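This is a predicted model, so every value here is computed, not measured. Numbers restart at 1 for each chain; the letters A, B, ... are given by sequence-line order, proteins then strands.
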There are 2 protein chains.
Amino acid sequence: MRPTPRVETFPANTPAVSQIFTTVLSQGPLTRLEVARRAGLSPAAVTKAVRPLIEAGYLVEDAAEEARPALGRPANPVRVDGGRALFIGVKVTGGELIGVLTDLCCRIRVARHVPLTDRTTEAVLPHLTELVHQLLAEAEDLGTPVLGLGVAVSGDVDRAEGVVRYSPFLDWRDVPFAELAAMTTGLPVTVENDVRALTVAEQWFGAGVGLSDFAVVTVGTGIGCGLVVHGRVIEGAHGVAGEIGHVTVDPAGPPCHCGNRGCVEAIAGEAAILRRIRETTGADVTDTAQAVELAHRGAAGAREAYARAGEAIGRGIATVANLLGPERVIISGEGLAAYDLFAEQIRGAFAAAAFGSAAQCDVQTRPLPFEEWARGAAATAIQSFITPDDPHPSR
Amino acid sequence: MRPTPRVETFPANTPAVSQIFTTVLSQGPLTRLEVARRAGLSPAAVTKAVRPLIEAGYLVEDAAEEARPALGRPANPVRVDGGRALFIGVKVTGGELIGVLTDLCCRIRVARHVPLTDRTTEAVLPHLTELVHQLLAEAEDLGTPVLGLGVAVSGDVDRAEGVVRYSPFLDWRDVPFAELAAMTTGLPVTVENDVRALTVAEQWFGAGVGLSDFAVVTVGTGIGCGLVVHGRVIEGAHGVAGEIGHVTVDPAGPPCHCGNRGCVEAIAGEAAILRRIRETTGADVTDTAQAVELAHRGAAGAREAYARAGEAIGRGIATVANLLGPERVIISGEGLAAYDLFAEQIRGAFAAAAFGSAAQCDVQTRPLPFEEWARGAAATAIQSFITPDDPHPSR
DNA sequence: AGCCCTTCTTTTCCGTCGTCAATAAAAGAA
DNA sequence: TTCTTTTATTGACGACGGAAAAGAAGGGCT
């Protein structure tokens, strides 16, 4: 067991307490009765669980005077006091660190970037430590304690052990990053795969609230996917799951760095779109902004590249829907900047390839501010804070 | 709530009891200590839970004298008394009913077929009732009570409500089959999708024992897939899940009855293989036996058709592995008769298309006796008997 | 043969959690 | 004021499962 520094612990002695807290956290202000209903508990249990949480300051009674039914004792909704505690989330990319300071409701208070020139652990750790200390100073100014640090890294991450098993992009292997960061920052650290972290944020604070089965698809440099099934994020037996980017949509398609042809990512990844535009138009586009502009100006080759990308993404989403039957798919990612260029194709391909009532699945898009990945990291830190480590994660 | 006739109820007052019973049921004779370890409970809890189960006759102490460690008090393993109770499982296909009488350990005691000429509910129900009564008579001879009936039907089935929402193959829509069958048979009835039923059987009595994440792929007329994630079978928000048969592997492939091209089923389904062989060889093959024989005699066109099918299946499995990261994939189905004809392609395509450590997934094959589908139905009946209907299935 | 040692099982005691049912509280309506 | 209606709280109670210690059933050692 990795020694976790404990700044302050959450008074969750029992599963019911964390379940109740989570319900209030994600479903906004609720009356105790309503909490009981949604959590499947008796009102009495809620009252009892809520009291210590109010005493500890995590919950507050919210005298929200909104359209109450004119009859009976007025409801007394309860909500989470976001200002009670702060958390830090950091997304590690090859070129930079993105750090955010969020409150307990995962609302971003401060965001900050640090460029990276070297992606080795030895180089990243000091920069991360420095970034965290800056954010800690901000928190100091707010007079609020920081109770956890979440780090999001792409690749195969073992969250329970706090180890980055293998991150191809950073070229890290078996790095016990949680332990390292805990040493330099003095905070409890959670390390998680970036897409899964984003998925946790959606599950608790985004479009996945209240759903037990949904998927998050990120469109950008790569195409990623986080899956929630039976109310829990899928981790994959070998650390790999949600690799929608390497689902084949056309075996005759362009080669992918994974060694196959026609992966979603090989058609709809940023680099693939740019390459396609260069090939078909001859224009020397080197970044997405140029490509989007070209497409918006009506260049046929550029539009076609985006159309192909949209079709690939739509097919990928339909595959997820056919296999898992989620209630909702949330499309997000930097690539959404070009959403108008492929929205139609995504919907069209999805509708065509979804089988039977899988097509009823609600496909939504969510804009993704650049700090969102870091916010996801913070969400995992909040999750770790609230939910004590389960010695028997499932069976 | 559908009124369920109660022949006899299982003394599972608490989740711990059903968990302990399930552990013993699927993991064979175990000492109490070992049960405690696997179920994550204390030995004391096991002792307490086991006693009433032994008293009720569901468990027996198994004085198995096998290579005991020469030290300490001899272990006193416990196992399920299969002969304590019987269950009936029926698989409904378009052309026939397959019924089995199994014991509590889901071992088949009697199997029986009934041909069907008409697949309407009105025609099927009397035949099913007759079949069940025959099996009940057999059970009578054994002097053992039958405690439940499971019915497996292809298509969209709402198990909780006991309703067949839509079965394209049988052309049933919103048929409250559980209620109907309960009326005519007097047994508690569970209706479940056929592939999911088979998956339950594998989870409890087959190659999925002890795994929390695995997939079952059935190869036959259609290509189906049952998925277990976090220890539970995926139902799909809209009743559809595991539709691996309609994952696209080649958008330029042959048309599929679902309206798309190049679905796994359009390449590897029984009809698709036969059609392909007819097209390439000109031979007038009309059933699988002929096709297999042709291929075994070395007909190039037939071998190629199976090779293509194997590749499509391998790709489909890789897609599942990439998205879910299961520990194991179990391939089964009538189509396995031709397994030697496409085994190599399945493995090859899987290995090529599986991304990163998803390729570590263990791909196994299991022969599928013809009664296996019916046995799956019986497994769901056993499951319903043991696990009381959960008012809060998950959250 | 008696004693010790080891391992599995059972018992006893106890804390804790959540429900039940009754009660209090906070309004508006009659 | 009093009644009605709805929400919140209280306290008694039962049950579940854990901890610890005792018991049971051998084998080995002296």
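Relative orientation of the A:F21 and A:Y58 rings is perpendicular, given thresholds of 30° and 60° on the angle between their planes.
Atom pair B:E34:CD and C:dT9:C1' shows a separation of 15 Å (rounding to whole Å applied). Between the CZ atom of B:R32 and the P atom of D:dG17 there is a distance of 17 Å, given to the nearest Å. If you measure from atom CG of B:L41 to atom P of D:dA19, you get 11 Å, rounded to the nearest angstrom. Regarding A:N76, its CG atom lies at a distance of 11 Å from the C1' atom of C:dA25, rounded to whole Å. Across the protein-nucleic acid pair, B:L30 atom CG and C:dT7 atom C1' stand 17 Å apart, rounded to whole Å. One interatomic measurement links the two molecules: CG of B:L33 to C1' of D:dG18, which rounds to 15 Å at whole-angstrom precision. Atom CZ in B:R73 sits roughly 6 Å away from atom P in D:dA25 (whole-Å rounding). Whole-Å rounding puts the B:D62 CG to C:dC8 P distance at 17 Å.
Contacts of A:T47 with the nucleic acid, taken as non-hydrogen atoms under 4.0 Å apart, include base atoms. Within 4.0 Å (heavy atoms only), A:S42 reaches at least one base atom of the nucleic acid. If you check every strand for non-hydrogen atoms under 4.0 Å, A:A49 touches nothing.
In this entry C:dA1 has D:dT30 as its Watson-Crick or G-U wobble partner, both defining distances falling under 3.5 Å.
Judged purely by distance below 3.5 Å, without hydrogens or angles, the side chains of B:R196 and B:T380 never pair a donor atom with an acceptor atom.
Side-chain nitrogen and oxygen atoms of A:T14 include at least one within less than 4.0 Å of the OP1 or OP2 phosphate oxygen of C:dG18. Taking only side-chain nitrogens and oxygens, A:R51 comes nearer than 4.0 Å to OP1 or OP2 of D:dT10.
When every heavy atom of A:I234 is checked against every heavy atom of A:A241, the shortest pair comes out as CG2-CB, 3.8 Å. Shown here for B:F10 and B:L53, the closest heavy-atom pair between the two residues is CZ-CD2, 3.6 Å.
Taking only side-chain atoms of A:A44, from C-beta outward, the nucleotide of D:dA8, C:dT19, D:dG18 with the closest atom is C:dT19.
With hydrogens and angles ignored, a donor-acceptor pair under 3.5 angstrom links the side chain of A:K48 to the base of C:dT19.
For the pair B:I386 and B:L25, the minimum side-chain heavy-atom distance is below 4.5 Å.
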